[in-house]
Amino acid sequence: MSSPVPLSSPAAEFPRRIVCLTDETTETLYLLGVQDRIAGVSGYATRPPEARRKPRVSAFKNADIDAILDLKPDLVLTFSDVQAEITRLLVLRGATVMNFNQRSIAEILDMIALLSRLVGRPSEGHALVSALLSGLEAIADSARSFPHRPRVFFEEWKDPLISGIRWVEDLIEIAGGTVIFPELRECGKAQDRVVDPSEVVSRDPEVIIASWCGMKVNKPLIRSRPGWSSTSAVRNGHIYEVKSSYILQPGPASLTEGVRQIHSIMARVVGVDIAPSLKPKEKIDPHLL
């Protein structure tokens, strides 16, 4: 007796046309060796540089839904509540969407492992996770030689003043620093990490690291804030910028180049030389040259 519904094998065992709406999934797919499956990327995609040659179909909070669907994706990768509306619109139009929501180092590694399974590369994913963990341990081991751990304020945005999200704060501690707002690290939403500028002064950071997404950091503005001239960081000239593409990307970049740049900053502040293998590999704040 024949089935009333025609049965057939799936066209592909794993996704073959993937649209990545954030940088971290794009970079992860390249590292897994499946970059040929990437059909489209975010306009902010920078890692690796060749990803910029892929069709760009979104910003971070906005996307061209028609352009995404024109690429005929069998999987779209989005991130967090920030892209919840994009996710909803794509689902309503019939797209298959995976929305990741990683906020910690462990969750970043889980994202990489899950994505590797989704594309049929679990062994490569396991190897990548192991390599990232080894790199983090090497930096943590280097930081143990520091004579002290400087107090650090990580500035994710300037107005309102927003402190660092969890993976950033955790990386600062791995790299040899002490965060001054540890109670806020668990707050996933930026509005829950808004701090009073006067409270930053009262906690007297020895180092200020700023990363303003999509905007170059204005160090004179930071120095000129009321009362900030009294902080150790401003008095001793320890204000630094780490580009958002290195540290605010919850993926491989932050666990490699991002943490290396922070570690170099900590080493400079405490006057310690670090191994060449742990130094940043990409463009850094000129103060670290």
Side-chain angles (χ1 to χ4, degrees), residues 23-24 44 46 60-61 80 82 103-105 108 149-251 253-255 257-270 280 282-288:
D23 207 8
E24 66 275 2
Y44 294 118
T46 59
F60 190 50
K61 295 183 179 180
S80 82
V82 177
R103 309 287 177 149
S104 66
I105 293 172
I108 290 172
R149 302 176 68 87
R151 297 181 304 278
V152 181
F153 174 58
F154 185 90
E155 183 172 317
E156 189 174 306
W157 192 244
K158 59 186 176 64
D159 187 18
L161 197 60
I162 299 174
S163 66
I165 198 166
R166 181 175 174 183
W167 75 80
V168 176
E169 302 286 88
D170 290 349
L171 289 173
I172 288 170
E173 293 186 338
I174 288 172
T178 300
V179 298
I180 66 170
F181 289 103
E183 71 275 16
L184 298 181
R185 78 171 78 210
E186 300 289 344
C187 299
K189 294 183 180 297
Q191 61 262 35
D192 296 330
R193 287 180 277 111
V194 173
V195 298
D196 190 315
S198 64
E199 184 61 21
V200 176
V201 175
S202 70
R203 299 193 187 196
D204 189 26
E206 296 168 86
V207 184
I208 296 170
I209 301 174
S211 185
W212 300 347
C213 191
M215 182 181 296
K216 182 175 175 59
V217 168
N218 184 336
K219 294 181 184 180
L221 183 149
I222 293 173
R223 287 192 291 267
S224 67
R225 289 173 180 150
W228 283 44
S229 61
S230 67
T231 64
S232 298
V234 174
R235 285 190 289 106
N236 295 316
H238 289 313
I239 304 175
Y240 303 91
E241 176 179 11
V242 174
K243 288 188 174 181
S244 58
S245 59
Y246 298 146
I247 194 61
L248 296 183
Q249 182 233 72
S254 62
L255 305 190
E257 185 62 19
V259 70
R260 281 195 293 260
Q261 292 201 13
I262 294 173
H263 186 52
S264 289
I265 291 169
M266 297 300 104
R268 184 176 193 268
V269 172
V270 301
E282 302 187 35
K283 187 176 179 179
I284 63 174
D285 190 315
H287 284 89
L288 295 180

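Keep in mind that the numbers below use all heavy atoms, side chains included, and drop hydrogens, waters and symmetry copies.
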Provide the closest heavy-atom pair for [X] versus [Y] in the form atom of the first, atom of the second, distance.
X: Leu161; Y: Phe153; answer: CG-CZ, 3.9 Å
X: Val234; Y: Ser229; answer: CG1-CA, 3.8 Å
X: Gly251; Y: Ile108; answer: CA-CG2, 3.7 Å
X: Cys187; Y: Ile165; answer: O-CG1, 4.5 Å
X: Ser245; Y: Ala253; answer: O-CB, 3.6 Å

Could you tell me whether a side-chain N or O of [X] sits under 3.5 Å from a main-chain N or O of [Y], the two making a donor and an acceptor?
X: Glu156; Y: Gly164; answer: no
X: Ser254; Y: Pro250; answer: no
X: Asn236; Y: His238; answer: no
X: Arg149; Y: Glu173; answer: yes

Output the distance between atom [atom1] ([X]) and atom [atom2] ([Y]), rounded to the nearest 0.5 Å.
X: Ile172; Y: His263; atom1: CD1; atom2: NE2; result: 14.0 Å
X: Thr46; Y: Tyr246; atom1: OG1; atom2: OH; result: 7.5 Å
X: Phe154; Y: Leu248; atom1: CZ; atom2: CG; result: 5.0 Å
X: Ile222; Y: Glu241; atom1: CD1; atom2: CD; result: 8.5 Å
X: Ile162; Y: Leu184; atom1: CD1; atom2: CG; result: 11.0 Å
X: Leu255; Y: Leu171; atom1: CG; atom2: CG; result: 6.0 Å

side-chain hydrogen bond (donor to acceptor under 3.5 Å, both in side chains) against Ser230, all qualifying residues, sequence neighbours excluded: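 Listed in chain order: nothing, the list is empty.
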
Of Val179, Val152, Ile180, the residue whose pairing with Glu169 passes side chain to side chain contact (heavy atoms under 4.5 Å, CB included):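 With Glu169 as partner, Val179, Val152, Ile180 yield a single side chain to side chain contact (heavy atoms under 4.5 Å, CB included), made by Val179.
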
Min side-chain heavy-atom separation Gln261-Tyr240 under 4.5 Å: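 Heavy-atom side-chain distance check fails, nothing below 4.5 Å.
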
Any side-chain heavy-atom pair of Trp228 and Ile239 under 4.5 Å: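 The answer is no; the side chains never approach within 4.5 Å.
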
Identify all side-chain donor-acceptor contacts of residues 208-217 below 3.5 Å with residues at least two apart in sequence or on another chain.
unit_1: Ser211; atom_1: OG; unit_2: Val242; atom_2: O; d: 2.7
unit_1: Ser211; atom_1: OG; unit_2: Ser244; atom_2: N; d: 3.2
unit_1: Trp212; atom_1: NE1; unit_2: Glu155; atom_2: OE2; d: 3.0

Within 6.0 Å of OH in Tyr44, more than 12 heavy atoms from elsewhere: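 For Tyr44, atom OH is not crowded (no more than 12 foreign heavy atoms under 6.0 Å).
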
Test ring-ring contact (aromatic ring centres under 6.0 Å, His included) applied to Phe60 - qualifying residues, sequence neighbours left out: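 In terms of ring-ring contact (aromatic ring centres under 6.0 Å, His included), with neighbours along the sequence ignored, Phe60 is linked to no residue.
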
Lys/Arg N to Asp/Glu carboxylate O, Arg260 vs Glu257, below 4.0 Å: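 Here Arg260 pairs with Glu257 in a salt bridge, since their nearest N and O are under 4.0 Å apart.
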
Result of checking Asp204, Thr231, Thr178 against Arg151 for side-chain hydrogen bond (donor to acceptor under 3.5 Å, both in side chains):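 Considering Asp204, Thr231, Thr178, a side-chain hydrogen bond (donor to acceptor under 3.5 Å, both in side chains) with Arg151 is found only for Asp204.
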
Reference residue Glu186; test salt bridge (Lys or Arg N to Asp or Glu O under 4.0 Å); the match among Arg193, Arg103, Arg166: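 Single pass found, and it is Arg166.
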
